[in-house]
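Below is one structure; the comments refer to it alone.
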2 protein chains.
Amino acid sequence: MPDRHEMWKDLGMDLEAHDTLCSVLPQAFGDIYLSQENRPEGMAFWDMVVSDIHGIRPAELMEAQKEGRKVFGTFCLYVPDEIIVAAGGIVTGLCGGSQFWVPAGEEVLPKSMCSLIKASVGARLGRTCPFFRIADMYVGETTCDGKKKAYEILGRDVPMYVMDMPQMKRPQDYVKWAEEINAFKKIVEEFTGNEVTVEKLHEATVLLNNRRKALERVYHARKADPAPISGKDALLMMQIAFFDDPQRCTDMANTLAAELEQRIKDGVGVAAAGTKRIMLAGTPMAIPNWKMHHIVETSGAVVVCEECCTGTRYFEHQVDETPTTASEQIMALAQRYMKNNCACFTPNTGRIDDLLRLCREYKVDGVIDVNLKFCTLYDTESRDVQYALKEAGIPSIHIETDYDDNDAEQLRTRVGAFIEMLG
Amino acid sequence: MPDRHEMWKDLGMDLEAHDTLCSVLPQAFGDIYLSQENRPEGMAFWDMVVSDIHGIRPAELMEAQKEGRKVFGTFCLYVPDEIIVAAGGIVTGLCGGSQFWVPAGEEVLPKSMCSLIKASVGARLGRTCPFFRIADMYVGETTCDGKKKAYEILGRDVPMYVMDMPQMKRPQDYVKWAEEINAFKKIVEEFTGNEVTVEKLHEATVLLNNRRKALERVYHARKADPAPISGKDALLMMQIAFFDDPQRCTDMANTLAAELEQRIKDGVGVAAAGTKRIMLAGTPMAIPNWKMHHIVETSGAVVVCEECCTGTRYFEHQVDETPTTASEQIMALAQRYMKNNCACFTPNTGRIDDLLRLCREYKVDGVIDVNLKFCTLYDTESRDVQYALKEAGIPSIHIETDYDDNDAEQLRTRVGAFIEMLG
């Protein structure tokens with residue numbers, strides 16, 4: 001692995017603090033990931049990415065910047081990647097999945113805000129995330145109170161563009177969202193200096209639909225019993241998808257899916273047939289947040305699906321590729337992105353439909369609905385989720401947790417009891 | 001005071017629980033309000049209202065309903081009263097200011113949600129608020145995550161209409177808000193069976209502008225030293241304005257203002273000239289939340305202004321009365337309501353401008369920026385508020401509190417020290 005200190009220094013990072021972070025990750029990854037048995041060979045790619053997670057991709061992004069390309073850091077899957085890609089820009093996720101970054105976030109944000117937001121802001125202000133340093137522009141959206149106000153802080157020394165999400169899904173809200181996407185298109189065109197032509201947007205749409213299909217293909221394989229891949233590994237693929245080059249992501253996911261399909265034919269799984277199948281639902285799990293998956297999968301069950309933004313919501317629903325005019329294309333994007341049933345919408349009954357459907361599709365034995373502490377939206381919805389699952393006869397528990405490990409033993413006890421109860 | 005039990009029973013209220021609430025209020029009001037010295041005579045009206053707070057106005061509302069008028073319960077001052085009044089409807093505030101209601105709210109909402117929302121939902125579900133029982137329709141708005149999700153619960157057995165607030169203040173957002181007001185107008189017309197004509201809307205606009213002027217006139221008197229009225233009394237007037245008949249509110253506020261103006265001429269105040277003048281800023285204080293005012297005004301200072309929804313934001317900025325077409329009228333409403341600098345907007349720098357201006361206008365010695373626990377929006381903004389006030393040389397403290405009195409002594413110590421520090 002090449003020494004990246006020179007690059008990180010050029011990025012103005014806090015090298016000492018960042019070294020502390022880097023020194024912890026290999027041990028954690030070894031304990032949680034490499035200790036797994038019978039992993040698909042295709043996971044070698046993602047293991048390699050993690051081994052140099054703040055090196056390989058940042059170096060590629062900086063290389064692209066030297067060629068004049070712009071990098072857009074995003075926080076949420078409502079931001080339509082298609083527009084950025086069509087303008088020759090590059091989309092990258094941003095750091096936010098580790099307790100390491102939380103204290104720096106708490107210096108400027110309320111403690112009673114979710115860890116994801118505090119970690120993101122902390123990663124930026126603490127200068128310990130290369131992606132936050134590299135991005136030429138951050139793109140936010142008004143999906144929750146915490147992020148909305150955090151963007152005001154993040155926008156102080158980097159161009160920050162915020163898209164105003166409709167908070168409802170009435171017919172007029174689709175039009176509003178199309179207008180927002182159109183306004184965003186103009187911003188991206190100005191910022192990159194490249195026009196988003198009908199042709200370019202079509203190409204980008206196909207590219208990103210293919211990514212969706214590849215990721216979905218991996219998830220489709222998870223419907224088999226025995227499960228051909230652990231939940232942890234599938235989660236890792238999803239987490240890195242937010243950072244990776246879209247075409248490479250597609251290729252790697254397709255390679256992995258082919259291997260999983262062969263495993264299914266061969267009756268090979270990562271756990272015995274009949275192992276209890278768990279779906280995790282709720283708030284996103286940004287890398288390296290593997291906490292719940294690790295607890296579930298070391299408690300005798302396997303995670304077969306994630307109903308969240310780092311799960312099904314990232315790839316379900318294709319964008320219609322048939323439009324031939326700019327305005328139809330934009331409306332097709334609006335239609336697709338509004339299909340995501342995020343708790344930021346009111347009402348959000350479509351999410352209940354998704355949950356019940358996914359339980360059937362993935363042959364789920366039990367649902368763990370988990371939200372980060374202080375996520376008002378998912379926490380409030382958890383009551384409806386529990387009620388609907390109970391009505392449908394699907395066992396479930398609701399868990400509220402955080403990035404730190406103080407509650408790990410307590411969670412292990414609860415999750416263990418839940419899995420045991422599944423019989 | 002007439003016995004209201006028959007009426008409350010007709011409203012399907014939980015009489016036993018409600019009696020408990022009613023039995024506490026007189027003592028609290030006596031201790032906090034009636035113990036004040038040298039109150040304006042005009043406050044007798046509001047004392048009378050409080051003495052029968054769940055009786056007088058509810059009886060009037062029910063009388064109006066018998067005549068076919070519709071009652072709309074609202075939670076937020078972005079809902080344009082003008083539309084409802086123009087359609088012959090009546091606007092009423094809803095309960096939400098007491099710890100009494102919080103436990104019933106916590107049965108269906110996260111504990112980590114602000115007391116105002118938990119109390120509102122608790123007051124509804126516990127059947128201990130006549131206004132929640134009387135309202136024919138609730139009207140909400142997407143101003144914060146907590147309210148947005150709470151409306152889903154409240155809408156289960158009462159018609160609930162939600163207006164989608166823009167979360168930003170770009171030129172297009174004023175248009176969006178006008179469209180929302182227009183959609184709301186149609187709903188109100190259907191629900192009341194009355195058309196909102198240009199003439200009716202003009203009348204309603206004048207009526208409600210006059211209310212704004214009257215309330216502002218009382219606030220204007222508070223700029224004098226010595227302060228002619230306590231902060232507590234001014235707050236009470238504001239709190240009840242949300243429930244009262246608009247014309248009566250206007251008349252009573254004008255009568256009170258005239259008395260205060262006479263006091264100023266006579267050099268009469270509720271505290272000695274030179275008493276330290278405090279502005280409270282932050283989250284709304286719904287009746288009977290008098291906690292911070294009581295602490296400040298029994299610690300040697302006087303509250304001269306409230307920068308919040310139960311303060312200046314309710315009456316500042318008139319609606320333009322000159323438009324003669326429906327669409328111009330709607331746009332005038334949108335323009336006026338968007339002038340409110342609520343923390344739900346991003347960015348919300350206009351609020352900082354307001355704060356600095358109000359400090360000058362009300363000759364404020366110190367600002368107490370206070371938010372209810374778990375109000376992500378105001379809590380996050382408090383850092384900018386503190387910074388801006390410091391830059392301007394205005395002493396300030398930030399307080400996070402709740403409805404219960406567990407922290408009262410601690411707050412008394414902090415507020416006392418702050419006031420002493422003002423010299």
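Because the structure is predicted, anything quoted here is derived from the model rather than measured. Sequence lines set the chain letters: A, B, ... in the order given, protein chains first and strands last, and positions in each chain run from 1.
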**OP:** Identify which of B:S112, B:S382, B:P110 forms the greatest number of heavy-atom pairs closer than 4.5 Å to chain A.
**Re:** B:P110
Subject >> Leading residue by heavy atom contact count with chain A [cutoff under 4.5 Å; candidates B:T143, B:D384, B:I153] >> reply: B:D384
Could you tell me which portion of [X] (side chain, backbone, both or neither) has an atom closer than 4.5 angstrom to a non-hydrogen atom of chain A?
X: B:M113; result: side chain
X: B:K176; result: side chain
X: B:E141; result: neither

Original post:
Going through the checks in order, is the disulfide (SG to SG under 2.5 Å) test met by A:C375 and A:C144?
Top reply: CA-CA 9 Å; A:C375 177; A:C144 77; over 6 Å; no
**OP:** Determine, for cysteines B:C76 and B:C309, whether their SG atoms are under 2.5 angstrom apart.
**Re:**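 A disulfide is absent here, as the SG pair of B:C76 and B:C309 is separated by 2.5 Å or more.
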Value rounded to 0.5 Å, distance of [atom1] in [X] from [atom2] in [Y]:
X: B:E381; Y: B:I352; atom1: CD; atom2: CD1; result: 6.5 Å
X: B:K373; Y: B:D407; atom1: NZ; atom2: CG; result: 5.5 Å
X: A:N182; Y: A:M331; atom1: CG; atom2: CE; result: 10.0 Å

Original post:
Stepwise, does the side chain to side chain donor-acceptor pair (under 3.5 Å) test hold for B:T142 with B:D164?
Top reply: CA-CA 5 Å; B:T142 57; B:D164 191 4; 2.8 Å; yes
Original post:
What is the ring orientation for B:F75 with B:Y138, classed by angle as parallel under 30°, tilted 30 to 60°, or perpendicular over 60°?
Top reply: perpendicular
Subject >> Proximity of A:Y161 and A:F191 rings by center, below 6.0 Å >> reply: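 No - the distance between ring centres of A:Y161 and A:F191 does not fall below the 6.0 Å cut-off.
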Original post:
So does B:R170 pair up with B:D173, basic N to acidic O under 4.0 Å?
Top reply: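 Salt bridge between B:R170 and B:D173, a charged N being under 4.0 Å from a carboxylate O: yes.
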**OP:** Using a cut-off of under 4.5 Å on heavy-atom pairs, state which of A:T376, A:T380, A:T349 scores highest against chain B.
**Re:**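 The option with the most such pairs is A:T380.
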Subject >> Residue-level interface, residues 338-348 of chain B with chain A, non-hydrogen cut-off under 4.5 Å >> reply: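 B:A343, B:C344, B:F345, B:T346, B:P347, B:N348 fall under the 4.5 Å cut-off.
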